[in-house]
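A short write-up of the structure that comes next.
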Amino acid sequence: MPNRAFIGIGSNLGDRAANYREAIQRIASIPETRVVRQSSIYETEPMGDLKGAFLNGVIEVETELPAEVLMRRLLALERIMGRKRVKGRKQTRGKYRPRIIDLDLLFFNKETIDTRILKVPHPHLHERRFVLAPMSELAPALIHPKLNASISEMLAGLKSPFRVTLARADLLRPQPPKTKKEASR
């Protein structure tokens, strides 16, 4: 029986919508893994002193891979797409950084995992509307195994100053290639 996992996706650098779509395509190409469902995509205010809104959403996948292997694959996809993680970033220049792509393993079955490279459920998901809003579309009754609360309960009780809105449909459509005339401007 395949494992059921939820993956958070976010981008606030470059063509955010293209980055988001590419991430889903790349996740779908991981062997023994298939994307089952996707949430709507949300535009969210950045946390901390970052500039530029994020596009965020969640996908549900089924995979034969164990959680740590899936997480290593997600980190590899981030690197392939151009994300550079800075070791010790929390002690230097701020906790939150701009990201071409951010892939977080939010839930893996009903497991609680606490290793050096992986913490599941994601340790901050209950504090983040940009995770709970799309998660509530896919699995509102899913119970957080540590907090013993459903996604919808956590979302309803969240007090967060950060604005999260559905992204404009035109922002999410693939953009046609630029003509030579447009590219020369």
Side-chain angles (χ1 to χ4, degrees), residues 2-13 15-30 32-47 50 53-63 65-78 81 83 96 99-113 118-147 149-158 160 162-169 171-173:
N3 298 301
R4 178 183 185 208
F6 292 91
I7 300 168
I9 302 173
S11 176
N12 82 324
L13 288 177
D15 185 339
R16 302 169 304 154
N19 296 339
Y20 191 97
R21 287 189 302 271
E22 180 181 344
I24 292 173
Q25 290 171 343
R26 288 182 180 273
I27 292 166
S29 71
I30 295 173
E32 302 180 82
T33 302
R34 74 180 186 94
V35 175
V36 177
R37 295 185 297 158
Q38 301 177 37
S39 73
S40 300
I41 301 174
Y42 293 81
E43 194 160 29
T44 64
E45 290 181 321
M47 296 175 74
L50 289 178
F54 274 81
L55 289 185
N56 289 102
V58 172
I59 61 171
E60 178 183 355
V61 301
E62 288 182 348
T63 184
L65 302 175
E68 286 200 10
V69 173
L70 179 60
M71 188 66 225
R72 281 196 298 272
R73 297 281 173 95
L74 296 176
L75 292 172
L77 292 180
E78 286 183 344
M81 290 183 66
R83 177 163 181 192
Y96 303 107
R99 296 174 177 141
I100 289 173
I101 197 69
D102 185 32
L103 302 173
D104 291 324
L105 186 54
L106 304 172
F107 288 98
F108 193 85
N109 297 320
K110 295 179 181 178
E111 295 179 29
T112 299
I113 303 168
L118 182 60
K119 297 194 183 333
V120 173
H122 188 282
H124 301 290
L125 72 87
H126 64 285
E127 302 165 342
R128 297 177 173 168
R129 188 174 310 280
F130 64 84
V131 173
L132 292 174
M135 269 299 301
S136 71
E137 289 181 31
L138 301 180
L142 180 71
I143 301 294
H144 190 293
K146 284 185 168 181
L147 302 177
S150 72
I151 298 297
S152 60
E153 290 169 334
M154 289 186 287
L155 180 58
L158 183 64
S160 171
F162 299 104
R163 188 174 49 85
V164 175
T165 57
L166 281 172
R168 297 184 334 259
L171 181 67
L172 304 176
R173 279 193 287 277

Exactly one candidate in Thr63, Ile59, Val35 meets side-chain contact (heavy atoms from CB on, under 4.5 Å) with Ile7; the answer is Ile59

Rounded to the nearest 0.5 Å, how far apart are CG of Leu158 and CD of Glu127? 8.5 Å

Would you check if Phe108 and Leu118 make a side-chain contact, meaning some heavy-atom pair closer than 4.5 Å? no

Is a side-chain donor or acceptor of Ser39 paired with a backbone partner of Glu137 at a separation under 3.5 angstrom? no

With rounding to the nearest 0.5 angstrom, report the CG to CZ distance, Leu103 to Arg73. 14.0 Å

Scanning both residues in full, the closest heavy-atom pair of Leu138 with Glu60 reads CD1-N, 4.0 Å

I'd like to check Leu105 versus His122 (side-chain heavy atoms, cut-off strictly below 4.5 Å). Are they in contact? no

Just by distance, do the side chain of Arg99 and the backbone of Gly10 share a donor-acceptor pair under 3.5 Å? no

How far apart are the C-alpha atoms of Leu74 and Ile27, what are their side-chain angles, what is the distance that settles it, and do they pass the side chain to side chain contact (heavy atoms under 4.5 Å, CB included) test? CA-CA 7 Å; Leu74 296 176; Ile27 292 166; 3.9 Å; yes

Rounded to the nearest 0.5 Å, what separation is found between the CG atom of Asn19 and the CD1 atom of Ile9? 11.0 Å

Please assess Arg129 against Leu155 for the test side chain to side chain contact (heavy atoms under 4.5 Å, CB included), listing each intermediate value before the final yes or no. CA-CA 7 Å; Arg129 188 174 310 280; Leu155 180 58; 3.8 Å; yes

Closest heavy-atom pair, His126 versus Pro123, reported as atoms and distance to 0.1 Å, is CE1-O, 3.2 Å

Check step by step if salt bridge (Lys or Arg N to Asp or Glu O under 4.0 Å) holds for Glu43 and Arg16. CA-CA 10 Å; Glu43 194 160 29; Arg16 302 169 304 154; 3.0 Å; yes

Which residues pass the side chain to side chain contact (heavy atoms under 4.5 Å, CB included) test with His144, sequence neighbours left out? Phe107, Pro121, Leu125, Lys146, Leu147, Met154

Roughly how far, to the nearest 0.5 Å, is the CD1 atom of Ile101 from the CZ atom of Arg83? 9.0 Å

Atom NZ in Lys119, atom NE2 in His124: separation rounded to 0.5 Å? 10.0 Å

Please identify each residue that fulfils ring-ring contact (aromatic ring centres under 6.0 Å, His included) with Phe130, with sequence neighbours left out. none

Apply side chain to side chain contact (heavy atoms under 4.5 Å, CB included) to the pair Tyr42 and Leu166, showing each step before the final yes or no. CA-CA 4 Å; Tyr42 293 81; Leu166 281 172; 3.6 Å; yes

Can you check whether Leu65's main-chain N or O pairs, donor with acceptor, with Asn3's side chain at less than 3.5 Å? yes

Taking all non-hydrogen atoms of both residues, which atom of Asn12 and which atom of Ala53 are closest, and how far apart? CB-O, 3.3 Å

Considering all heavy atoms, the nearest Ser136-Ala133 contact: OG-O, 2.7 Å

Just jot down the salt bridge (charged side-chain N to carboxylate O under 4.0 Å, His left out) partners of Lys110, sequence neighbours excluded, or say none. none

What's the shortest heavy-atom distance between Ala139 and Phe6, and which atoms? CB-CZ, 3.8 Å

Side chain to side chain contact (heavy atoms under 4.5 Å, CB included) assessment of Asp104 paired with Val131: CA-CA 10 Å; Asp104 291 324; Val131 173; 6.0 Å; no

Within a strict 4.5 Å, meaning less than it, do heavy atoms of the Ile30 and Val61 side chains meet? no

Rounded to the nearest 0.5 Å, how far does OG of Ser11 lie from CD1 of Ile41? 10.5 Å

